[in-house]
There are 2 protein chains.
Amino acid sequence: MILAVGPDPSDATKDSEVRRPVGVREVAKRAQVSLGTVSNVINTPDSVRPKTRARVEKAMRELGFVGSRAAGQLRSRKSGLVGVVLPDVGNPYWADVLRGVESVLEDQDLTLVVGSTRQDPARQKRLLRAFAQQGVDGLVVAPIDTLRGWEPFAGRRLGVVALENGAGPDVGSTISLDNVGGARQAIAHLLALGHRSIAFINGPQSVPWCVERREGVLDGIRAAGLKTSEVLIEVEVADLTSAKGLTATDDLWGIYQPTAIMCANDLVALGALLSLQRHGLRVPEDVSLIGYDDVVFVEALRPPLTTVRQPSFEVGVMAGKMLLSGAAHDGSERELVTPSLVVRESTGPAPLRKRT
Amino acid sequence: MILAVGPDPSDATKDSEVRRPVGVREVAKRAQVSLGTVSNVINTPDSVRPKTRARVEKAMRELGFVGSRAAGQLRSRKSGLVGVVLPDVGNPYWADVLRGVESVLEDQDLTLVVGSTRQDPARQKRLLRAFAQQGVDGLVVAPIDTLRGWEPFAGRRLGVVALENGAGPDVGSTISLDNVGGARQAIAHLLALGHRSIAFINGPQSVPWCVERREGVLDGIRAAGLKTSEVLIEVEVADLTSAKGLTATDDLWGIYQPTAIMCANDLVALGALLSLQRHGLRVPEDVSLIGYDDVVFVEALRPPLTTVRQPSFEVGVMAGKMLLSGAAHDGSERELVTPSLVVRESTGPAPLRKRT
DNA sequence: TAAATCGAGTGAACCGGTTCATAATTCGCT
DNA sequence: AGCGAATTATGAACCGGTTCACTCGATTTA
């Protein structure tokens, strides 16, 4: 605790007496009913006679009753909370997924509690523990690390839905995206355009879907009868953000000058684009660029970005529905989503350039 | 504790019984200490002899103790939660503000609970009530409506910080952004370029800072000795998103063809840009476009967007610090942030075109 | 008319981690 | 060894909304 160094703390006026919030008992007294009735008004209004209910509601209003979820939750063992653990809500892709989940759950008087892991396993762990302690009724998690510590959620009312696969042991239900396939499409596109010197800016290999996207890239290169070591330059960034994409591309360009850059997501690609522009390079004439996710703004970039489209909102909706249906709780339902390549103007024929 | 996946968990008792999570009492029994000691290990580890503490921690680990924040919070009257109410976390601007708040609070073992209002007063109200019931210790709110219902938070441990001004009655501390000034700079820029037919796509007039930005626009026009009614075309969108910006611009263009469009934020401007491109219009040769916020991607748009820069991350940091310093609790501290115009390539001289 | 049924309301017990007055140890020092 | 002070440990009471077995009066059924 940080104490202020105020001139004279000796005021001694006990006005700091924060009057405690009013509770059900006070409301009950004022409305001339028992505390149980107040509880009924809150939870099962239909079981209370309208006249009585009105009296209680009036009392609640007059007293400014708010109620403590903690107290209720303690006894009822329901929190009305659903935890959502995502890599980064600042990424429009995940923000969209979140909107999808929200759209399904908001009528069910469930409140979303959201946390970003920022590709940091320690943060994922902390978030999961925090959510467990909050007593969330259900969990939607996009693991950026093999999912440990999810057990406390298995017994919860709604269970667990894992987005992206490769999470680890059977984790409730999962919605998998075919990352291998998506990445393969992207790399195949570049190869078909004649690119033979391609940089791949990827996230940490501790993240399951980064591993998968890499796999897809390697697969695609081999499938074209080429040697990965001769074609691919791999770069790893800790954080899949535009800032990191920018610096990574700056650094990369000092060493290699590939004819194409593929990024693990659109934010990184945005950073790469900014970097290339600052170097005075034209896209796609000098360098082709390809992203992943198809977030909203890439269509308006200069040039519009070729990318791999994944349905974001829809994935969120699926996750929400899985929770509600109980599929996440007992049986483990699996769902597979297939991404598709969206070719725009940021990719073009490979320029002639000697391999460095 | 990691459970082995052995073929036969010999206990085999009525396992369908969702066994309740272990509590302090069970840990205490196992560690041969009193329940008070377990609580001390959790909250004030230094007050427990290392040997005892180790025993308790071992027991917690073996039993998979998680703990219930609800129970603790009930007695201690501390939730360790800070509520953050923003218009839209999907907007990179607000995501950045959030990151700022987070960066200050995450070491203080405070957990952020975030909600988006989407310019909907009803949602704001719901969120505030929910946060009050969760017993958040502090609140950061960017009101999209005169702030009612914040009183329950005033007495909380950390208090209230309001972002953007015009909230209403004295609400803890506030961080105001000079929206009038920012908008005035933007419109002055357009007028200086010769534009005399300008559309302004703004958010709902129930949102305080939309009102202010409008005021700045009107001011700026009048300051140039022009009649607002002759220069300005006002458009209102319910939601400050790219989707709404796109449709609003589509609709607008069917009726008027202004030489410049100013948007209440960059997301709307992005939507407008997409719409203009689809109409085959060149920016800025046919239409100038100006946004607000300077979110990360606008620099990479085609063309790079002229906009009004507001420090986002920094505002979040300020808000976080205000909460911690206690300024948000008692004295109401005021802070004013001044935005600045960033001229890029989306604005240019007004083309010759007859006023429609 | 008496008995069974039902809707409404009651309030003591309860959820489980924290508090705090009290008790038990340990430690420093003579 | 003896004694007071400091450190550590104890556990009953508590936070406040929910639960549920129970009461009460009214309506329906026999």
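The figures here come from the full heavy-atom set of this structure, side chains too, leaving out hydrogens, waters and symmetry mates.
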S.K.: For Leu105(B), which residues count as a side chain to side chain contact (heavy atoms under 4.5 Å, CB included) partner, sequence neighbours excluded?
M.R.: Val82(B), Val101(B), Leu110(B), Leu112(B), Leu323(B), Leu324(B)

S.K.: Using the test side chain to side chain donor-acceptor pair (under 3.5 Å), find all partners of Arg157(A) that sit at least two apart in sequence or belong to another chain.
M.R.: Asp137(A)

S.K.: So do the side chains of Leu128(B) and Val85(B) get within less than 4.5 Å of each other, counting heavy atoms only?
M.R.: yes

S.K.: From the options dT10(D), dA12(D), dT19(D), select the nucleotide whose nearest atom is closest to the side chain of Ser76(A).
M.R.: dT19(D)

S.K.: Can you sort out the partners of Arg156(A) under side chain to side chain donor-acceptor pair (under 3.5 Å), two or more places apart, ordered by chain and number?
M.R.: none

S.K.: Arg75(B) or Ser47(B): which one's nearest nucleotide on DNA chain D is closer to the 5' end?
M.R.: Ser47(B)

S.K.: Pick the nucleotide of DNA chain C nearest each of Gln73(B) and Arg49(B); which residue has the one closer to the 5' end?
M.R.: Gln73(B)

S.K.: Taking only residues two or more places apart in sequence, or in another chain, which ones meet Ser47(B) in a side chain to side chain donor-acceptor pair (under 3.5 Å)?
M.R.: Thr44(B)

S.K.: Considering only residues two or more places apart or on different chains, which pairs with a residue in residues 23-38 of chain A satisfy side chain to side chain donor-acceptor pair (under 3.5 Å)?
M.R.: Arg30(A)-Glu62(A), Ser34(A)-Thr37(A)

S.K.: Answer with base, sugar-phosphate or nothing: what part of the nucleic acid does Asn40(A) contact at a heavy-atom distance below 4.0 Å?
M.R.: base

S.K.: Classify the nucleic acid contact of Val38(A) as base, sugar-phosphate or nothing, counting any heavy atom under 4.0 Å across all strands shown.
M.R.: nothing

S.K.: Base, sugar-phosphate or nothing for Ser68(B)? Non-hydrogen atoms, less than 4.0 Å.
M.R.: sugar-phosphate

S.K.: Measure the angle between the two terminal helix axes of the helix from dT1(C)-dA30(D) to dT30(C)-dA1(D), five base pairs each, and quote it to 10°.
M.R.: 40°

S.K.: Give a yes or no on whether the backbone of Ala162(A) and the side-chain of Thr174(A) come within a donor-acceptor separation of less than 3.5 Å.
M.R.: no

S.K.: Strictly below 4.0 Å, heavy-atom distances to any atom of DNA chain D: list the hits from residues 54-65 of chain A, or just say none.
M.R.: Phe65(A)

S.K.: Is a side-chain N or O of Thr117(B) found less than 3.5 angstrom from the main chain of Gln124(B), in a donor-acceptor match?
M.R.: no

S.K.: Could you tell me which residues satisfy salt bridge (Lys or Arg N to Asp or Glu O under 4.0 Å) with Glu102(B), sequence neighbours excluded, listed by chain and number?
M.R.: Arg118(A), Arg123(A)

S.K.: Under the 3.5 angstrom rule, does the side chain of Gln134(B) hit a backbone N or O of Ser79(B) as a donor-acceptor pair?
M.R.: no

S.K.: What residues in residues 22-32 of chain B put a non-hydrogen atom under 4.0 Å from any atom of DNA chain C?
M.R.: Gly23(B), Val24(B), Arg25(B)

S.K.: Could you pull out all donor-acceptor pairs under 3.5 Å where a side-chain atom in residues 49-56 of chain B meets a protein atom, sequence neighbours excluded?
M.R.:
| unit_1 | atom_1 | unit_2 | atom_2 | d |
| --- | --- | --- | --- | --- |
| Arg53(B) | NE | Pro45(B) | O | 3.3 |
| Arg55(B) | NE | Ala31(B) | O | 3.0 |
| Arg55(B) | NH2 | Ala31(B) | O | 3.3 |

S.K.: At a heavy-atom distance below 4.0 Å, which nucleotide of DNA chain C is the first touched by chain B, and which is the last?
M.R.: dG16(C) to dT26(C)

S.K.: Do any N or O atoms from the side chain of Gln119(B) and from the backbone of Pro204(B) form a donor-acceptor pair under 3.5 angstrom?
M.R.: no

S.K.: For Arg99(A), give me all partners under side chain to side chain donor-acceptor pair (under 3.5 Å), at least two apart in sequence or on another chain.
M.R.: Asp96(A)

